[in-house]
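A short write-up of the structure that comes next.
Chain letters run A, B, ... following the sequence lines, proteins first and then strands; every chain starts at 1.
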Amino acid sequence: AQSVTQPDIHITVSEGASLELRCNYSYGATPYLFWYVQSPGQGLQLLLKYFSGDTLVQGIKGFEAEFKRSQSSFNLRKPSVHWSDAAEYFCAVGARQAGTALIFGKGTTLSVSS
Amino acid sequence: DGGITQSPKYLFRKEGQNVTLSCEQNLNHDAMYWYRQDPGQGLRLIYYSQIVNDFQKGDIAEGYSVSREKKESFPLTVTSAQKNPTAFYLCASQGLSGNTEAFFGQGTRLTVV
């Protein structure tokens, strides 16, 4: 079955510290991979995406993610977290066939302490 | 500006009533989606449509209905048959050509009172 697992429900990081959010997927073929961020009561904003090519992708707000095919993972990283990064983060996978709905993980809530 | 507009942002419904959530996009996207979001559950797919006058059920379609009469519009009706309709509803759209991501609206929070 196709699925996305985000093992950490809630993470707290000190401001200025590094961040890594984990994402593992189960999919029949190599999927497209995405990270979205959501502020409370808002829609989802795309942080970054992987379609092909370089397995380390850069996104907005200083985020990056690395696709590791052998581990079926697509972990999100940021070297130095800012208080404004506190939000909920969703990993998603999609088929390479256009028009197939994305499958989302259950999300990781990030809190930033001062 | 191109984007997806969901309305209203907040919606209150009495038990036993149907209610329709609006979703409009001006991105010229062919595919549109409805997701339901509950705390700790992530996003679950309700319905999706790849073309006008055609749509498919997602994982949790029971108690919901949709229509796709225009490319730009994909309204969702929450019927009285939906046992637990209180949730945050998100609409998304996606182009069908090239490598594109899904774009999301700002959501509608539905509360049954």
Side-chain angles (χ1 to χ4, degrees), chain A residues 1-11 21 23-25 30-54 57 59-60 63 65 67 74 87-109, chain B residues 3-10 23 25 29-52 54-61 68 71 74 87-111:
Chain A
Q2 300 167 349
S3 65
V4 176
T5 301
Q6 293 180 246
D8 303 304
I9 297 173
H10 190 191
I11 285 182
L21 300 182
C23 173
N24 294 95
Y25 65 88
T30 301
Y32 292 151
L33 296 156
F34 308 85
W35 275 100
Y36 285 86
V37 61
Q38 184 183 36
S39 297
Q42 299 298 313
L44 274 65
Q45 180 185 21
L46 181 72
L47 282 177
L48 46 78
K49 59 190 176 185
Y50 172 77
F51 290 139
S52 64
D54 192 346
V57 294
I60 63 172
F63 285 92
F67 169 54
F74 190 56
E88 190 159 20
Y89 292 80
F90 292 95
C91 181
V93 300
R96 291 177 177 266
Q97 176 184 351
T100 304
L102 299 184
I103 299 171
F104 286 84
K106 293 188 176 182
T108 298
T109 299
Chain B
I4 300 177
T5 302
Q6 289 187 242
S7 61
K9 188 169 179 64
Y10 299 96
C23 178
Q25 55 98 359
H29 285 168
D30 291 289
M32 296 188 73
Y33 310 88
W34 274 106
Y35 289 91
R36 171 179 171 142
Q37 184 178 19
D38 298 281
Q41 296 297 313
L43 278 70
R44 294 181 290 169
L45 183 66
I46 304 173
Y47 269 98
Y48 66 101
S49 168
Q50 296 180 340
I51 194 171
V52 173
D54 189 43
F55 46 83
Q56 286 77 41
K57 293 181 179 180
D59 300 318
I60 56 166
R68 186 86 186 277
K71 186 176 184 178
F74 192 42
F88 191 56
Y89 292 88
L90 286 161
C91 179
S93 71
Q94 184 183 29
L96 292 182
S97 58
N99 301 331
T100 63
E101 66 271 22
F103 292 80
F104 282 83
Q106 291 300 297
T108 293
R109 180 163 300 282
L110 172 64
T111 303

Note to self: Is Glu88(A) close to chain B through its backbone or its side chain, or both, or neither, when contacts mean heavy atoms under 4.5 Å?
What the structure shows: side chain
Next item on the list: Using side chain to side chain donor-acceptor pair (under 3.5 Å) as the criterion, list what pairs up with Gln106(B), not counting sequence neighbours.
Entry: none
Next item on the list: Return the option, out of Val4(A), Ile9(A), Leu46(A), with the maximum number of heavy-atom pairs under 4.5 Å with chain B.
Entry: Leu46(A)
Checklist line | Distance-minimising heavy-atom pair for Tyr35(B) and Ala101(A) | finding: OH-CB, 3.8 Å
Next item on the list: Mark yes when over 12 heavy atoms from residues, nucleotides or ligands other than Lys9(B) sit less than 6.0 Å from its NZ; otherwise mark no.
Entry: yes
Notebook entry, point to check: For the candidates Gln41(B), Gln6(B), Gln37(B), Arg109(B), which exhibits the highest count of non-hydrogen atom pairs separated by less than 4.5 Å from chain A?
Noted result: Gln37(B)
Next item on the list: Measure the CG-CD distance between Leu47(A) and Glu101(B) for me, rounded to the nearest 0.5 Å.
Entry: 11.5 Å
Check: What's the shortest heavy-atom distance between Phe104(B) and Leu44(A), and which atoms?
Finding: CB-O, 3.7 Å
Margin query: Please enumerate all residues that pass side chain to side chain donor-acceptor pair (under 3.5 Å) together with Ser49(B), with sequence neighbours excluded.
Written below: Arg68(B)
Checklist line | Gln45(A), part contacting chain B, at a heavy-atom distance under 4.5 Å | finding: neither
Next item on the list: Using non-hydrogen atoms and a 4.5 Å limit, figure out which bit of Leu45(B) sits close to chain A: side chain, backbone, both or neither.
Entry: side chain
Check: Can you name the closest pair of heavy atoms from Gln42(A) and Leu90(B) and give their distance?
Finding: O-CD2, 4.4 Å
Margin query: Measuring only between side-chain heavy atoms, which start at C-beta, is Tyr33(B) closer than 4.5 Å to Leu102(A)?
Written below: no
